[in-house]
Amino acid sequence: MPELPEVEIIARSLQEGTNEFPGLPGQMITEVEVFWGRTLEHPSPRRFKKRIVGQVITNIRRRGKFIVIELSVDTMLFHPRMSGDLRLGRSDQELGKHVRLAIHTDAGYQLAFNNPRKFGRVWLLENPNTVLDKLGPEPLDPEFSLETFYKSLVQRKRQIKPLLLDQGFIAGLGNIYADEALHLAKIHPFTRSNNLLEVQARDLFNGIQAVLLEGIRRNGASIDWVYQGGDFQNYFRVYQRTGEPCPECNTPIARIVVGQRGTHICSTCQILPG
DNA sequence: AGGGAAACCCGAACGC
DNA sequence: TGCGTTCGGGTTTCCC
């Protein structure tokens with residue numbers, strides 16, 4: 001087995017092309033510590049422990065915002081929500097002040113789910129597709145085409161921003177990425193999806209991919225003490241830049257609320273039709 | 001069908 | 001200094 005680093009913080013979203021942790025596949029689960037029971041969405045802590053011990057980790061991947069850890073029999077799903085991360089270290093290390101679940105292996109390692117806000121959830125399922133099949137397409141999947149995207153936009157009649165955040169419509173976009181993509185595409189977040197022109201759909205399609213790729217390249221964003229990642233926050237165009245100049249036209253960025261979510265726009269670049 | 005509100009959390013950052 | 005209030009992130013659930 002390759003040597004593991006002291007502590008590896010597994011990215012909030014597994015990066016494309018790096019969705020593996022050297023050495024972890026092949027290790028057998030020997031012990032589970034549940035520090036906060038409600039972390040487990042399914043099954044109960046007792047059943048979780050009983051069922052998972054003895055299973056071997058076979059593969060790790062990502063689908064939408066879920067980290068998917070395949071075992072010899074079942075599959076574990078981790079959803080960090082906004083404040084969680086998955087940490088890999090030696091069994092005897094303390095991997096965080098807010099570890100809610102720790103899974104130890106026969107190789108002396110532990111996988112710890114650190115989750116200060118207690119919003120993150122974990123599932124152990126025989127068939128993970130009961131959850132994952134509800135997700136929309138992966139925006140970076142080569143199968144995901146502009147044609148598909150445009151058709152799916154037009155057949156709904158929703159405000160575009162809440163639609164982008166709907167994981168059943170498209171998987172993986174959060175508040176930061178939705179705001180950034182809409183600004184790149186010069187689309188107002190209130191715009192009805194069925195009113196989007198084909199060229200706007202194209203710009204949005206490209207904007208979504210561009211902003212995701214940049215986020216991945218910069219290892220994500222760090223926007224408060226609990227949401228630590230890379231340095232993408234230094235390159236935001238609109239998100240949390242209220243009052244600062246739009247990178248395109250210098251108009252001060254405005255903050256509005258759309259679908260109960262803080263939303264950042266340039267009122268010059270992003271015009272609501274009609 | 002779509003949208004609004006509330007609930008789940010808790011530490012930081014504020015106001016007084 | 002301390003105490004109370006507000007805020008935000010993603011998702012589900014309930015209600016209009």
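To find a chain, count down the sequence lines: A is the first, B the second, and so on, and within it residues start at 1. What you are looking at is a predicted structure, and each value in this text was computed from that prediction instead of being measured.
- For His188(A), the side chain to side chain donor-acceptor pair (under 3.5 Å) test picks out no residue, with sequence neighbours left out.
- For the pair Phe236(A) CZ and dG8(C) C1', the interatomic distance rounds to 14 Å; values are reported in whole Å.
- Within the structure, ring-ring contact (aromatic ring centres under 6.0 Å, His included) pairs that include any residue of residues 153-187 of chain A comprise Tyr177(A)-Phe232(A) (at least two apart or interchain).
- One axis for each end of the helix from dG2(B)-dC16(C) to dC16(B)-dG2(C), each built from five base pairs, and the angle between them comes to 60° at 10° resolution.
- For the contact set between residues 169-187 of chain A and DNA chain C, defined by any heavy atom under 4.0 Å, the members are Gly174(A), Asn175(A).
- Checking Arg241(A), Lys161(A), Gln240(A) one by one against Asp179(A), the side chain to side chain donor-acceptor pair (under 3.5 Å) holds for a single residue, Lys161(A).
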Enumerate all atom pairs, one protein N or O and one N or O from nucleotides 2-9 of chain B, separated by less than 3.5 Å.
from: dG2(B); atom 1: OP1; to: Lys157(A); atom 2: N; distance (Å): 3.2
from: dG3(B); atom 1: OP1; to: Gln159(A); atom 2: N; distance (Å): 3.4
from: dG3(B); atom 1: OP1; to: Arg192(A); atom 2: NH1; distance (Å): 2.4
from: dG3(B); atom 1: OP1; to: Arg192(A); atom 2: NH2; distance (Å): 3.4
from: dA5(B); atom 1: N7; to: Gln260(A); atom 2: OE1; distance (Å): 3.2
from: dA5(B); atom 1: N7; to: Gln260(A); atom 2: NE2; distance (Å): 2.5
from: dA6(B); atom 1: N7; to: Gln260(A); atom 2: OE1; distance (Å): 3.4
from: dC9(B); atom 1: OP1; to: Arg38(A); atom 2: NE; distance (Å): 3.4
from: dC9(B); atom 1: OP1; to: Arg38(A); atom 2: NH1; distance (Å): 2.6
from: dC9(B); atom 1: OP1; to: Arg38(A); atom 2: NH2; distance (Å): 2.7
from: dC9(B); atom 1: OP2; to: Arg38(A); atom 2: NH2; distance (Å): 3.2

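- Applying the salt bridge (Lys or Arg N to Asp or Glu O under 4.0 Å) test to every pair with at least one member in residues 112-130 of chain A, sequence neighbours left out, gives these pairs: Glu41(A)-Arg121(A).
- Following rounding to the nearest Å, Leu164(A) (CG) and dT11(C) (P) show an atom-to-atom distance of 13 Å.
- With sequence neighbours excluded, no residue forms a salt bridge (charged side-chain N to carboxylate O under 4.0 Å, His left out) with Lys157(A).
- Here the C1' atom of nucleotide dG11(B) and the NE2 atom of His98(A) are 8 Å apart, to the nearest Å.
- Rounded to whole Å, atom P of dG11(B) lies 12 Å from atom CG of Asn115(A).
- Considering only residues two or more places apart in sequence or on other chains, Glu214(A) meets the side chain to side chain donor-acceptor pair (under 3.5 Å) condition with Arg218(A).
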Under 3.5 Å, side-chain donor or acceptor atoms of residues 246-258 of chain A against the rest of the protein: list the pairs with distances, not counting sequence neighbours.
from: Glu248(A); atom 1: OE2; to: Arg237(A); atom 2: NH2; distance (Å): 2.9
from: Thr251(A); atom 1: OG1; to: Thr268(A); atom 2: OG1; distance (Å): 2.7

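- The residue among Gln167(A) and Arg255(A) whose nearest nucleotide of DNA chain C lies closer to the 5′ end is Arg255(A).
- Take Arg51(A) and apply the side chain to side chain donor-acceptor pair (under 3.5 Å) test, not counting sequence neighbours, and it matches Asp74(A).
- When each of Trp36(A), Phe78(A), Trp123(A), Phe35(A) is paired with Phe113(A), the ring pair (Phe, Tyr, Trp, His ring centres under 6.0 Å) condition holds for Phe78(A) and for no other.
- Under the rule for a side chain to side chain donor-acceptor pair (under 3.5 Å), Glu31(A) has no partner lying at least two apart in sequence or in another chain.
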Distance-only check: which donor-acceptor pairs under 3.5 Å involve side-chain atoms of residues 195-212 of chain A, not counting sequence neighbours?
from: Gln200(A); atom 1: OE1; to: Leu197(A); atom 2: N; distance (Å): 3.0
from: Asn206(A); atom 1: ND2; to: Arg202(A); atom 2: O; distance (Å): 3.3
from: Gln209(A); atom 1: NE2; to: Pro139(A); atom 2: O; distance (Å): 2.8

